[in-house]
Structure formats: structure tokens, C-alpha cells
2 protein chains.
Amino acid sequence: MNVVDLIRKKRDGVELTTAEIRFLVDGVCSGQIPDYQLAAFLMAACCRGLGRRETMELTLAMAESGEQVRPGAIPPPVVDKHSTGGVGDKVTLVVVPLLAAAGVRVAKLSGRGLGHTGGTVDKLQSIPGLRTDLSLGEFVQQVRRIGAAIAAASTELVPADARLYALRDVTATVDSLPLIASSVMAKKLAGGADVIVLDVKHGRGALVQEVEDARRLAELMLEIGTRAGRRMAAILSSMDQPLGRAVGNANEVEEAIACLKGGGPPDLEDVAMQIAAVALCLGKEARSVEEARDRLRGVLRSGRAAEKLGALVRAQGGPVDFLEVPQRYLPKAPVRGQLRASRAGYVDAVDALQVGEVACGLGAGRRLRGQPVDLGVGLELHAKIGDRVVPGQPLATVHARSAADLESALTALSCAFGYRNSPVQPPRVLTATLLAGDP
Amino acid sequence: MNVVDLIRKKRDGVELTTAEIRFLVDGVCSGQIPDYQLAAFLMAACCRGLGRRETMELTLAMAESGEQVRPGAIPPPVVDKHSTGGVGDKVTLVVVPLLAAAGVRVAKLSGRGLGHTGGTVDKLQSIPGLRTDLSLGEFVQQVRRIGAAIAAASTELVPADARLYALRDVTATVDSLPLIASSVMAKKLAGGADVIVLDVKHGRGALVQEVEDARRLAELMLEIGTRAGRRMAAILSSMDQPLGRAVGNANEVEEAIACLKGGGPPDLEDVAMQIAAVALCLGKEARSVEEARDRLRGVLRSGRAAEKLGALVRAQGGPVDFLEVPQRYLPKAPVRGQLRASRAGYVDAVDALQVGEVACGLGAGRRLRGQPVDLGVGLELHAKIGDRVVPGQPLATVHARSAADLESALTALSCAFGYRNSPVQPPRVLTATLLAGDP
């Protein structure tokens, strides 16, 4: 088999065979196919697309390219969730302990943030001493012992994706639905969960902006997971404005704790509850989403969800009393300032992309893989779409490293807000819940 | 300016600006754009195409990327010709001395063979002592002095193309008309000729198989050259069967000499005469193609064309008496054998691609850039399309390095021939002559 012939086939829109896809993924892992040939293949796939069968086989070949959590290593049901990424998205920090407190095991492999979107691994890093670099053995052991673990996806897990993803990032081949779907699902399949709930974002701050693209992406991933024998569901949720009020790292952990204690922002709670409820149903722990939500509300009220996050933090090396006094441990940026409304009106836009860029500019995110992140910087939104504001009213508080950073953040942030004179209906964050057929 | 944005634009089918094309070519030359990003760009250009303006600007930027023959360095008219490549294509070895003997200067920069197609530089290498690695200064001086030079295009000439071409070869992005056109024309423009005649091949053994694609490619190159102020023409010629009877290196030089002495195969003479006649017209040395052909026939008969090749060989370091006794100098492979017809009939196919592959397999060509070539091996065809053959009649003589090579060449070669029972019209080699408007 010849790489150039394989690239030519894809360039001409011809479907690749199973053997060709395996050959490609083998070449990715062994390093025998050089970057430039992979880049040409990725661009051809981007331009000509991949069929359902090709996407499925690419996913399976990638999932099997490295270490995997052996199915059954943890007694089922084991839940995993995945978000396609957004601004202020701390849902994992709520869902994982909530489900574990409800008695369902959660084995969550997470990523780091890139560009305007944040990553759970970065957020957790703001808890002193906490490790996310668990070995697969440690990861499995912890889930068995306390019912939950959140670890960074290592490069031993799905090494083919690690290499392809790094290339896609620098060759303008990120936003292809089959490539996104295979990248996400390869990691989920290798993670070993038998229940997988996807949170596919759409809107200004999302990877795919249009709801219909988000739906197609979700359906593609559901199909892949179902065919691979997993119980699957997906929600579509809006990323037109940031989720919740905190955007950064340490402050997002704080907001997640507030949510676990019953005092979180309603949109964050909506998304977290829906994902957890769907997961409970798929895990056969509830007979309807409504029953699941009732049970989860009880868990939140009981304080057991917050306690479970405390247990997870302790298990992964964080402070024993973290959940009692998080402020003692979480870093805070030295400089603080407020953005205030310059006019009266109803907020009709809080541009998630723009807010994410501001947070990234403050140092909360990275432009390039491997850059360090400042865990104490970020911002809190005091107004969201639908709120009525008067001149001088605080719209956001910015936490910065320096006065200069603060200044430019406030200027950029002011452009993220849009107003109307007439009342604006607060948008629903949940767009749809998609259930896959039984595997 | 950002490379990823530029790749994304082309991926989405958006036209690049002049500044973006310059930025790209600058990055190719400086090495600042890595191979994988160039590969992604090339594939995007392959899939989405390049507009006329983009192709023109890419060509100019590449032409200016390295050394150039200064226009006027040689008094005009100065002729160059280019073939898109074929099997048995020794036309350059005939046209260059023929035109020079007719009093027109010819400054020809040639390439090496790759895959099933041969290259003039390899063929010339079979003449002992002959140098093709002339510096641009030597090249210009020789054209001024004896009216003709054939040199290998160095990597200082159009370095941007050298890098892009090497990448295209290994990323299945060779057969894109705008990329072919810009690659060819950048080299022609940098070569400094003011009269350029293109020989665009079509058929089984050609880079583009369909006549209509060949015509589009020719028209694109004519437009580029004309806009750059050069006088341009193109012929379309068939590469369904090899040109002439000799395929290899040393044996092709012998056939070119025979042609210059008035005894060449008719198809080779047809192509060479038409290219030379069109060049004479463009160089204002003749008022019609018919007048030009008459004059060129006289030049051939006078022996001055053959003498001119002798002068060129001497000027470039070859033996002084080469043209008198070429057999004394040209290498010959040790093993020889014949393919004989197994049935009676009329030959209706001598597959140029297959014949080229056989020659390449014998060692006359290279699969990969930089591989050495055996100059003495090759084959002669004794039958071509339209010929009537009887069982046992020799179809071809093969010159090989070893008995094993001979054996496999004969087997493969037998598949190149096709037969019919009824008479077959010998095909015309010249398909069309395309003239561009005045610059």
C-alpha cells in the first residue's frame, strides 16, 4: 500500500477501504508517514469529506492505537461525558461529583484549554497539590474506590489522535465534522465508559456555530458510539454567551462548588442537571429524565455532591479541607477592576467568543499548546442576556495580573456587550436532547 | 499575516490576495512555512482550484524567487521550449540545434526524468564529459557564442518551485492544472527567453490524459506567458504511444542525431519541425509556418543542424568528434533480446505508460528523485500503431543490464501491444497548434 495513492484517492473523493484506514493510522503511530503527507490527507478529507463507514473505522483504528481502559475494568455502568468546548464551561466539575454522589461511577478523561475555550484540566490545576496526570491504573482504581476520577488524557491514550490533532490545529483542518467526531469518539471509546453523554455546543463561542452543524456532529458521534456498543446521548446547548458567570480557572472552580452547594447560576445548573439526568437514565438508574432530575436535586440538597468533589480532590492529592474553605487555596489575581454599563437598556449579547478571547488575553488560556496558564486571572459577569441595566451598573469584574492587562481587558470586554431598548427574552441554554437507539 | 488563515481561505475556496500569495512564496523560500502547512495549502489549492489572477501571481512570485536570466542578457529573439513530459520524447535534442542552425538563439533549461517519463538532462548525460550543470553566466555566454545551450535548471533558479514540486510529488498534488502551469511557467519566465513554445502532451503516457485538459493547461500557460510579455505558442501532441522508436537515454540521443541527419522517425520529425517552425514565426524569422518549415527542411538537408549539435556537445565539454562517431561514445547495455509478435494483425496500441514503466524498470528512469540512471539500457520499437505484423516478427529490441532484467522487461512489454484484425489508421501525433495573441 502506498501513502500517495491513498491521499490521491481521498483527494478525488473516493472512499478508503478498511485496510487503507488501518494502514494510515498505523503510519501515524509508527511515525512512518511524515507530517506533510498527513497534512495533505487531512486537507483532502476536509475538502472531500469522509463517509459514515470511513469515520467509524477511523475512530476505531485511533481508539485502538494506544492504551485503553479495558471494558469491565470498572463494574458498569461507568459514565463519561464530553463537551465540544466553550467559555465558562465548568460542567464537568459539577456533573462528575453529582453523578458519583447519586451512586453512578464516572470515569472522566479531560483536556486542556486552547484558544478562547477553557479546559477542565487547567481549572483543576488551580487546586494546590491536585494531580490530573493519573496513570490508567490509578484512574481505574480511583473510580472503583470513590466512584469518580477526572484525569488528563495522556498521550499514551489514543496517540494517533494526539499527533493528528496537533497537525489539524496548524493546517486549518480542525473544523471538519468527521475529523472532530473521530477525534472525540476515539478518546471516549478508549476511556472505557459504557455510558457516554455528549454536550455539543453551538453559537458564537463554539467550535461549530450553527445549530444544524452541531446536530449533525452530535448524530455522527452518537452513531459511532452506538455502533461501538456504548449507550449514548447528546445535548445541544448554546454557547452564544458564556455558561454561568465565571470565566477563568480558579473562579470557575469556585462557581462549580457554589453549584454543587445549590447556589449556582441557573444556566450552569440546567446543563449539568440535564447531562447527569440523561446519564442516570442511560445507566438504568432512573426510568425517566424527570425521575432522574428529582433524584439529583435531592443529592444536591443533601450536600453529598459537594462532599464527593471534596473526596475527589483529596483522592487526587488536593487539600483535605478544600471544600470547606476553597478561598484559602484558590489563587487570586492581584489587580481587580469593574466594567460598568455606559447606557441604559436590555443586554441582548454577551459575545462568548469575545469574552473567551479577553480571558485568554488575561492569561487564563493559551494561544499555543504547552504555554503556561495563569490560574488566578479571569472575569465574572454580573449581567447576562435579558438583564436590564442602568448607566454605571457593574457588568463584569476583571481579575488581572497588572493594571495594563486590566485596562486592555476592560476595553475589549466592553465590545462583548450588546444592548436593546426593548425587553429581551433570556435565551434557553438547552437546545435539544438527542437519544441514540439501544446499541 | 497568518499561514493558517491563508490555508483556511483556500480551503473555503476564497481567492487569495496578491500580498497573501507573495507572503506564501516568501515563506516557501525562507523556509519559515513548514512542509506540513505547504502540503495542506497545496491540497486545498488542488481541491478548490486557483483563479487566473492567483495562478498568474503565483507564477510571477515564484519566477522572482531566485536567480533569473536578465531580459536582454542575450539579444532577442531567444527561444525556449518546454514539454510536459513523455516517453521517447527527445524533441529538445532536435529542436535546439535545428533552430540555432537556422540562426535563432535557443536558451533551454531542462529537467531530469521522473517515473515513466524521461528527461533531457539524463539523455545528455550519456555523452561522456558533457556538462549540464552550467552556471547562469556560462549558460548565457554559450548562447551568445554558439547560439544554443541546454543546461539543467539549478535550484538557484526558481527555488520556490523546487521546494513545492518536491512536496507535490509526495502529497498527490501534482496533477492540478494551475499548479502545473505556475511551476512550468515560473521556470520559463526566469529562463529569460522572449519566445516560448510549449509541447503539451495528452494520452496514456502524459501528465494529463484528456485532450481537453491538455488544451486548458496550454491555454492557461499561454495566458500567463503572454501577460508576462513573452511571445507564446503551444502544440498539443499525442503521447498515447511513445514518440519515435527509441526509449531510454543513449539510444534516444542516437535517434535524435539520426533525425538531425534527415533519417529520423516521422512522428519525431513532425513534432520537432512544428515546434521549430512556430518558434521561427514567433521570432519573426519567418512569415508563415509553411515558409518556416521549408527553411528548416533546408537546414536539415544542409547538415548544419547536426553540426550545431556537435558544437553544443563540444561547448559543454563532450568529445570533439561526437557527431561523427556517436557509437564510439554512447554506452550500450550488455544484454540484448527481442520481443516478437505472437499473432498476426494490425497494431492498435503501444501503451506509452507501460513502455515508459518497462524502460524505468530496466534502469533508464528513476522512481525517486536523486536515484542514479543506467544510460545504456532501454528499448527500440520496431512496430507502432497502424503497422501490420506477422507471428515471429520483431516488435521491439530490449537492452538490459542482465538476463533477468531482460526477461521481465519482455514479459511486461508484451502487454503494451494491442492488435486488431482489420487495418488500423496510423494516428497523427500533432493534435493542434495554439497561438497566443501578441503580448
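Proteins get letters first, then strands, A, B, ... in listed order; numbering begins at 1 in each.
Checking each of B/Glu20, B/Glu54, B/Glu15 against B/Lys10 for a side chain to side chain donor-acceptor pair (under 3.5 Å) leaves exactly one that passes, namely B/Glu54.
Contacts with chain B were tallied for A/Arg11, A/Arg8, A/Lys9; A/Arg11 has the most, counting heavy-atom pairs under 4.5 Å. Taking A/Asp175, A/Thr173, A/Val174 one by one and counting their heavy-atom pairs under 4.5 Å with chain B, the maximum is reached by A/Asp175. Ranked by heavy-atom pairs under 4.5 Å with chain B, the first of A/Val3, A/Val170, A/Asn2, A/Leu38 is A/Val170.
Both the backbone and the side chain of B/Ile7 come within contact range of chain A, judged by heavy atoms closer than 4.5 Å. B/Asp169 touches chain A through its backbone: at least one of N, CA, C or O sits under 4.5 Å from a heavy atom, while the side chain does not.
For the residue pair B/Ser237 / B/Lys201, a side-chain donor-acceptor distance below 3.5 Å is found, with atom types taken as modelled. Counting only N and O atoms by type, the side chains of B/Ser238 and B/His202 include no donor and acceptor under 3.5 Å apart.
Under a 4.0 Å N-O distance rule, the pair A/Glu57/A/Arg53 qualifies as a salt bridge. Salt bridge annotation for B/Arg48-B/Asp12: absent, with no cationic side-chain nitrogen under 4.0 angstrom from a carboxylate oxygen.
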